[in-house]
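Proteins get letters first, then strands, A, B, ... in listed order; numbering begins at 1 in each. Excluded from the calculations below are hydrogen atoms, water molecules and symmetry mates; all remaining heavy atoms, backbone and side chain alike, are included.
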Amino acid sequence: MNTEPVTEHDARLIRGVFHSLEEHYGWFDWWPTSDPYQIMMGAILVQNTNWKNAEKALDNLGKTIAPQQVADMELATLAQAIRSSGYYNQKALKLKAMTQWFADYNYDIQAVRAKDTEVLRKQLLAVKGIGGETADAILVYAIGKASFVIDAYARRIFERNGLVVPKSYEKFHDLMEAVIPPNTKTYGYYHGLLVEHGQQFCHLKPKCEQCPLVAQCKGAFITY
DNA sequence: ATCCAGGCTGAGG
DNA sequence: CCTCAGCATGGA
């Protein structure tokens with residue numbers, strides 16, 4: 001992680017938003033599945049889609065499907081099975097690529113966990129179809145490493161709350177990690193808070209009227 | 001019917 | 001470095 005200087009203003013703003021979200025929503029365990037491989041698949045299937053469509057695809061594959069089965073499956077068969085998640089031809093290739101990466105560890109999640117976070121992150125980012133958000137989600141929820149997850153809601157929420165959000169994923173990711181001390185549980189929870197809050201109030205067309213953060217949401221009516 | 005959802009890649013400026 | 005078309009289904 002890069003350590004660029006963070007202004008105290010930005011740090012307080014960021015901590016303030018999370019503090020408000022924590023107070024309002026309380027604790028919850030967010031990712032809907034617990035099996036590491038299901039989480040990895042889910043992280044890919046949910047790309048630019050809602051969880052409902054991704055979940056149908058996961059159900060179609062079966063809750064107990066083993067990585068070796070995905071590795072052995074015909075590409076076209078795999079694609080049809082995950083049709084509901086959208087971009088199914090692309091995602092079939094992505095699932096294959098991710099599974100191939102996992103195969104290098106003999107599908108042994110403990111062997112993966114033994115590796116260093118940054119090493120794993122680079123490996124994941126090198127997998128075709130895995131970008132920043134997917135890599136960080138896999139690190140946090142499937143592998144149990146502290147790597148801050150950024151998504152469209154994180155951008156909107158912080159932009160609307162007056163933060164000058166770095167344009168690149170990496171810079172925003174680094175900023176959050178510089179402000180929020182690395183902790184797997186915290187990072188998992190915070191991403192969950194941002195998505196839950198975002199889904200309720202921070203669509204492209206914001207619903208600021210009932211938003212619990214509206215008082216401090218300076219850009220309440222920005223429509224990005 | 002149009003718009004959006006828990007992105008990523010590769011080509012081109 | 002940055003922008004952007006293309007990828008595709010299902011629900012509102």
Side-chain angles (χ1 to χ4, degrees), chain A residues 2 4 17-18 21 25 28-34 36 38-61 75-101 121-143 147-160 164-174 176 186-208 222-224:
Chain A
N2 264 326
E4 277 195 37
V17 167
F18 282 120
L21 290 172
Y25 294 98
F28 55 91
D29 208 8
W30 184 64
W31 195 278
T33 59
S34 56
Q38 289 277 318
I39 294 172
M40 295 183 217
M41 289 195 293
I44 287 169
L45 293 171
V46 78
Q47 287 174 1
N48 206 39
T49 319
N50 54 61
W51 179 252
K52 285 291 165 204
N53 289 354
E55 192 174 36
K56 278 182 195 165
L58 271 183
D59 286 346
N60 246 344
L61 288 171
L75 192 59
T77 310
L78 181 59
Q80 281 312 305
I82 61 170
R83 202 171 166 285
S84 68
S85 70
Y87 307 142
Y88 52 84
N89 289 313
Q90 307 263 312
K91 286 178 179 175
L93 288 168
K94 296 179 183 188
L95 288 179
K96 286 282 193 180
M98 177 276 286
T99 304
Q100 177 56 54
W101 165 80
R121 191 167 194 273
K122 278 180 188 144
Q123 284 182 6
L124 288 167
L125 288 174
V127 174
K128 186 97 52 190
I130 297 184
E133 180 177 348
T134 309
D136 291 327
I138 288 174
L139 283 167
V140 171
Y141 298 105
I143 304 177
S147 198
F148 206 97
V149 186
I150 300 297
D151 71 336
Y153 290 130
R155 294 212 110 75
R156 274 179 220 159
I157 292 168
F158 281 103
E159 223 162 74
R160 290 171 189 179
V164 179
V165 175
K167 287 173 189 169
S168 84
Y169 183 95
E170 291 302 315
K171 282 181 184 167
F172 195 9
H173 164 89
D174 289 346
M176 297 304 250
T186 303
Y187 281 10
Y189 175 38
Y190 279 17
H191 177 58
L193 280 174
L194 292 173
V195 176
E196 285 302 316
H197 182 69
Q199 287 179 340
Q200 290 187 57
F201 304 107
C202 302
H203 301 240
L204 263 58
K205 299 187 178 200
K207 298 184 179 177
C208 300
I222 293 173
T223 53
Y224 156 48

**Student:** Do A/Lys122 and A/Glu170 sit within salt-bridge range, that is, some charged N less than 4.0 Å from a carboxylate O?
**Tutor:** no
**Student:** Are A/Met98 and A/Leu95 packed together at the side-chain level, in the sense that at least one heavy-atom pair is separated by less than 4.5 angstrom?
**Tutor:** yes
**Student:** Does anyone know the first and last nucleotide of DNA chain C in reach of chain A, 5' to 3', at under 4.0 angstrom to a heavy atom?
**Tutor:** C/dC7 to C/dG11
**Student:** Just to be sure I understand the geometry, which residues of residues 123-140 of chain A put a non-hydrogen atom under 4.0 Å away from DNA chain C?
**Tutor:** none
**Student:** Rounding to a whole Å, what distance do you find between A/Tyr153:OH and B/dC4:P?
**Tutor:** 12 Å
**Student:** Just say parallel, tilted or perpendicular for the rings of A/His197 and A/Phe201, cut-offs at 30° and 60°.
**Tutor:** tilted
**Student:** Give me the distance, rounded to whole Å, that separates B/dG10 from C/dA8 when you measure between the P atoms they each carry.
**Tutor:** 14 Å
**Student:** Would you mind telling me which of A/Tyr141, A/Tyr189, A/Trp51, A/Tyr25 makes a ring pair (Phe, Tyr, Trp, His ring centres under 6.0 Å) with A/Trp30?
**Tutor:** A/Tyr141
**Student:** Only one of A/Asn89, A/Asn60, A/Leu61 clears side chain to side chain contact (heavy atoms under 4.5 Å, CB included) with A/Ile82; which?
**Tutor:** A/Leu61
**Student:** Calculate the interatomic distance between A/Ile44 atom CD1 and B/dG7 atom P; express it in whole Å.
**Tutor:** 14 Å
**Student:** Taking only N and O in the side chain of A/Arg156, is any of them less than 4.0 Å away from OP1 or OP2 of B/dA5?
**Tutor:** yes
**Student:** Over how many whole Å does the gap from A/His197 atom NE2 to B/dA5 atom C1' extend?
**Tutor:** 17 Å
**Student:** Are A/Lys56 and A/Arg83 packed together at the side-chain level, in the sense that at least one heavy-atom pair is separated by less than 4.5 angstrom?
**Tutor:** no
**Student:** State, yes or no, whether a side-chain contact exists between A/Val149 and A/Val140 at a heavy-atom distance under 4.5 Å.
**Tutor:** yes
**Student:** Between B/dG10 atom P and A/Leu93 atom CG, what is the distance in whole Å?
**Tutor:** 11 Å
**Student:** What's the NZ-C1' distance between A/Lys91 and B/dC8, to the nearest Å?
**Tutor:** 10 Å
**Student:** Base, sugar-phosphate alone, or nothing: which one does A/Asn53 contact when heavy atoms must sit under 4.0 Å apart?
**Tutor:** base
**Student:** Assign A/Lys167 to base, sugar-phosphate, or nothing according to its heavy-atom contacts below 4.0 angstrom with the strands shown.
**Tutor:** nothing
**Student:** If you take all heavy atoms of A/Gly129 and A/Gln47, which pair is closest and at what distance?
**Tutor:** O-NE2, 3.0 Å
**Student:** Please check: side-chain N/O of A/Gln123 versus main-chain N/O of A/Trp101, any donor-acceptor pairing under 3.5 Å?
**Tutor:** no
**Student:** If I take atom CD in residue A/Gln47 and atom P in nucleotide B/dG7, what distance separates them, rounded to the nearest angstrom?
**Tutor:** 8 Å
**Student:** Taking atom P of B/dC4 as reference, at what distance in whole Å does atom OH of A/Tyr87 sit?
**Tutor:** 13 Å
**Student:** Just how far, in rounded Å, is P of B/dT9 from CG of A/Asn48?
**Tutor:** 13 Å
